[in-house]
Chemist: 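Once you've had a glance at the structure underneath, I'll fire off some questions.
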Amino acid sequence: MRIATWNLQRATVNTSRTRKILDWIKEVQADIWILTETDERISPGSDYLPIHTDRAEQTQRETEKWVVIWSRFPHVELLPSTDSSRTAIAL
(Lines give C-alpha, C1' and ligand atoms only; values in the text may rest on other atoms or scores of the structure.)
Protein backbone atom coordinates (compact mmCIF):
# COMPACT_ATOMS: atom_id res chain seq x y z
CA MET A 1 0.00 0.00 0.00
CA ARG A 2 1.30 3.45 -0.93
CA ILE A 3 0.14 6.50 1.03
CA ALA A 4 1.17 10.00 -0.04
CA THR A 5 0.45 13.50 1.22
CA TRP A 6 0.87 16.93 -0.33
CA ASN A 7 0.00 20.48 0.71
CA LEU A 8 -1.14 22.05 -2.56
CA GLN A 9 -1.03 25.58 -1.12
CA ARG A 10 -4.51 26.58 -2.30
CA ALA A 11 -4.15 25.22 -5.81
CA THR A 12 -6.95 26.01 -8.23
CA VAL A 13 -8.21 23.93 -11.14
CA ASN A 14 -7.26 24.45 -14.79
CA THR A 15 -3.90 26.10 -14.26
CA SER A 16 -0.50 25.01 -15.54
CA ARG A 17 0.62 24.52 -11.93
CA THR A 18 -2.30 22.17 -11.24
CA ARG A 19 -1.66 20.21 -14.43
CA LYS A 20 1.94 19.66 -13.27
CA ILE A 21 0.69 18.58 -9.83
CA LEU A 22 -1.71 16.06 -11.40
CA ASP A 23 1.03 14.68 -13.65
CA TRP A 24 3.23 14.09 -10.60
CA ILE A 25 0.33 12.56 -8.63
CA LYS A 26 -0.28 10.08 -11.46
CA GLU A 27 3.41 9.19 -11.55
CA VAL A 28 3.50 8.35 -7.82
CA GLN A 29 0.60 5.86 -8.09
CA ALA A 30 -0.34 6.08 -4.39
CA ASP A 31 -3.34 4.07 -3.14
CA ILE A 32 -4.29 6.87 -0.76
CA TRP A 33 -3.64 10.58 -1.25
CA ILE A 34 -4.07 13.14 1.52
CA LEU A 35 -4.18 16.57 -0.11
CA THR A 36 -4.27 19.70 2.04
CA GLU A 37 -5.11 23.28 1.10
CA THR A 38 -6.75 21.90 -2.01
CA ASP A 39 -9.84 22.08 -4.16
CA GLU A 40 -12.21 19.11 -4.13
CA ARG A 41 -12.15 19.12 -7.96
CA ILE A 42 -8.41 18.29 -8.00
CA SER A 43 -8.60 14.50 -8.17
CA PRO A 44 -5.88 11.87 -8.64
CA GLY A 45 -8.22 9.95 -10.96
CA SER A 46 -11.63 8.38 -11.49
CA ASP A 47 -10.67 5.24 -9.56
CA TYR A 48 -10.37 7.21 -6.26
CA LEU A 49 -13.12 8.02 -3.77
CA PRO A 50 -12.97 11.31 -1.82
CA ILE A 51 -13.51 12.10 1.85
CA HIS A 52 -13.14 15.77 2.71
CA THR A 53 -13.58 18.43 5.33
CA ASP A 54 -16.45 20.87 5.29
CA ARG A 55 -15.98 24.13 3.47
CA ALA A 56 -13.04 26.11 4.83
CA GLU A 57 -14.38 29.09 6.75
CA GLN A 58 -12.12 31.69 5.12
CA THR A 59 -12.26 30.47 1.56
CA GLN A 60 -13.59 32.43 -1.36
CA ARG A 61 -14.35 29.28 -3.35
CA GLU A 62 -17.10 26.83 -2.45
CA THR A 63 -14.96 23.87 -3.53
CA GLU A 64 -11.84 24.78 -1.52
CA LYS A 65 -11.07 22.30 1.29
CA TRP A 66 -8.45 22.07 4.02
CA VAL A 67 -8.18 18.30 3.57
CA VAL A 68 -9.32 15.78 0.95
CA ILE A 69 -8.44 12.11 1.39
CA TRP A 70 -8.56 10.23 -1.91
CA SER A 71 -8.64 6.42 -1.66
CA ARG A 72 -8.63 3.60 -4.20
CA PHE A 73 -10.33 1.40 -1.60
CA PRO A 74 -14.10 1.18 -2.19
CA HIS A 75 -15.39 1.21 1.40
CA VAL A 76 -14.31 4.58 2.75
CA GLU A 77 -16.28 6.12 5.61
CA LEU A 78 -15.98 9.61 7.05
CA LEU A 79 -15.64 9.48 10.83
CA PRO A 80 -16.76 12.27 13.18
CA SER A 81 -14.28 14.98 14.14
CA THR A 82 -14.31 17.83 16.62
CA ASP A 83 -13.26 20.23 13.82
CA SER A 84 -15.00 19.29 10.57
CA SER A 85 -13.64 22.31 8.69
CA ARG A 86 -9.96 21.41 9.25
CA THR A 87 -9.88 17.68 10.00
CA ALA A 88 -10.89 14.66 7.90
CA ILE A 89 -10.80 11.19 9.43
CA ALA A 90 -11.50 8.15 7.26
CA LEU A 91 -11.92 4.46 7.96
Side-chain angles (χ1 to χ4, degrees):
M1 175 188 303
R2 293 185 86 169
I3 300 172
T5 184
W6 195 349
N7 181 329
L8 299 186
Q9 299 174 332
R10 300 188 75 185
T12 58
V13 296
N14 299 324
T15 64
S16 62
R17 177 175 174 256
T18 302
R19 284 188 289 280
K20 289 176 187 175
I21 289 169
L22 289 171
D23 288 344
W24 191 83
I25 284 174
K26 288 178 179 145
E27 187 174 320
V28 170
Q29 294 288 314
D31 298 304
I32 297 173
W33 271 101
I34 299 117
L35 302 178
T36 58
E37 293 186 34
T38 187
D39 187 296
E40 66 184 11
R41 298 171 294 174
I42 298 174
S43 165
S46 60
D47 55 337
Y48 289 83
L49 298 172
I51 292 287
H52 57 76
T53 56
D54 294 337
R55 181 177 177 190
E57 66 277 350
Q58 296 176 341
T59 184
Q60 294 184 8
R61 294 186 313 269
E62 180 76 28
T63 57
E64 189 171 0
K65 305 294 180 188
W66 284 110
V67 179
V68 180
I69 301 170
W70 291 95
S71 175
R72 285 187 173 156
F73 301 102
H75 301 289
V76 179
E77 175 186 350
L78 180 64
L79 299 177
S81 167
T82 58
D83 185 355
S84 62
S85 68
R86 292 188 178 259
T87 306
I89 304 169
L91 175 64

Chemist: Of the non-hydrogen atoms in R2 and Q29, which two are nearest, and what is the gap between them?
Modeler: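 For R2 and Q29, the tightest heavy-atom pair comes out as CD-O, 3.9 Å.
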
Chemist: Among all residues two or more places apart in sequence or in another chain, which pass the salt bridge (charged side-chain N to carboxylate O under 4.0 Å, His left out) test with R41?
Modeler: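 Per chain and number, R41 pairs via salt bridge (charged side-chain N to carboxylate O under 4.0 Å, His left out) with D39.
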
Chemist: Would you please say whether a donor-acceptor pair under 3.5 Å links the side chains of N14 and T12?
Modeler: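 There is no such pair (donor and acceptor under 3.5 Å, judged by atom type) between the side chains of N14 and T12.
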
Chemist: Quick check: closest heavy atoms across V28 and A4, and the distance to 0.1 Å?
Modeler: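 Between these two residues, the closest heavy atoms are CG1-CB, 4.4 Å.
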
Chemist: Run the side chain to side chain contact (heavy atoms under 4.5 Å, CB included) test against A90 and tell me which residues pass, sequence neighbours left out.
Modeler: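 Only I51, I69, V76 meet the side chain to side chain contact (heavy atoms under 4.5 Å, CB included) criterion with A90.
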
Chemist: Got I42 and V13 here, is their nearest side-chain heavy-atom distance under 4.5 Å?
Modeler: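 The answer is yes, as the side chains (C-beta and beyond) meet within the 4.5 Å cut-off.
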
Chemist: Nearest 0.5 Å please: distance from the OG1 atom of T53 over to the CD atom of E64.
Modeler: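 T53 atom OG1 to E64 atom CD measures 9.5 Å (nearest 0.5 Å).
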
Chemist: If Ile, Leu, Val, Met, Phe, Trp and Tyr residues are connected whenever their side-chain heavy atoms lie under 4.5 Å apart, and connections chain through other members, are W66 and L78 in the same group?
Modeler: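 Yes: a chain of side-chain contacts under 4.5 Å links W66 to L78.
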
Chemist: Name all residues meeting the side chain to side chain contact (heavy atoms under 4.5 Å, CB included) criterion together with I3; count only those two or more places apart in sequence or in a different chain, and write none if there are none.
Modeler: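 In terms of side chain to side chain contact (heavy atoms under 4.5 Å, CB included), with neighbours along the sequence ignored, I3 is linked to M1, I32, I34.
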
Chemist: May I have all residue pairs that pass salt bridge (Lys or Arg N to Asp or Glu O under 4.0 Å) and include part of residues 18-31, sequence neighbours excluded?
Modeler: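 Only D31-R72 qualify under salt bridge (Lys or Arg N to Asp or Glu O under 4.0 Å).
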
Chemist: My understanding is that only residues two or more places apart in sequence, or in another chain, count here; which of them pass salt bridge (charged side-chain N to carboxylate O under 4.0 Å, His left out) with E37?
Modeler: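 E37 satisfies salt bridge (charged side-chain N to carboxylate O under 4.0 Å, His left out) with no other residue.
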
Chemist: Scan L8, V68, V67 and name whichever one has a side-chain contact (heavy atoms from CB on, under 4.5 Å) with T36.
Modeler: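 The option that passes is V67.
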
Chemist: How many angstroms lie between atom CG of L35 and atom CD1 of I21, to the nearest 0.5 angstrom?
Modeler: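 One finds 9.0 Å between CG of L35 and CD1 of I21.
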
Chemist: To the nearest 0.5 Å, tell me how far W70 CH2 sits from S43 OG.
Modeler: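 These two atoms lie 3.5 Å from each other.
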
Chemist: Report the hydrophobic cluster partners of L91, with the cluster defined as I, L, V, M, F, W, Y residues connected by side-chain heavy atoms closer than 4.5 angstrom, directly or transitively.
Modeler: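 So far as hydrophobic clustering goes, L91 is joined with L79, I89.
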
Chemist: Is the ring pair W33/W24 parallel, tilted or perpendicular, if the boundaries are 30 and 60 degrees?
Modeler: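 Ring orientation of W33 relative to W24: perpendicular.
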
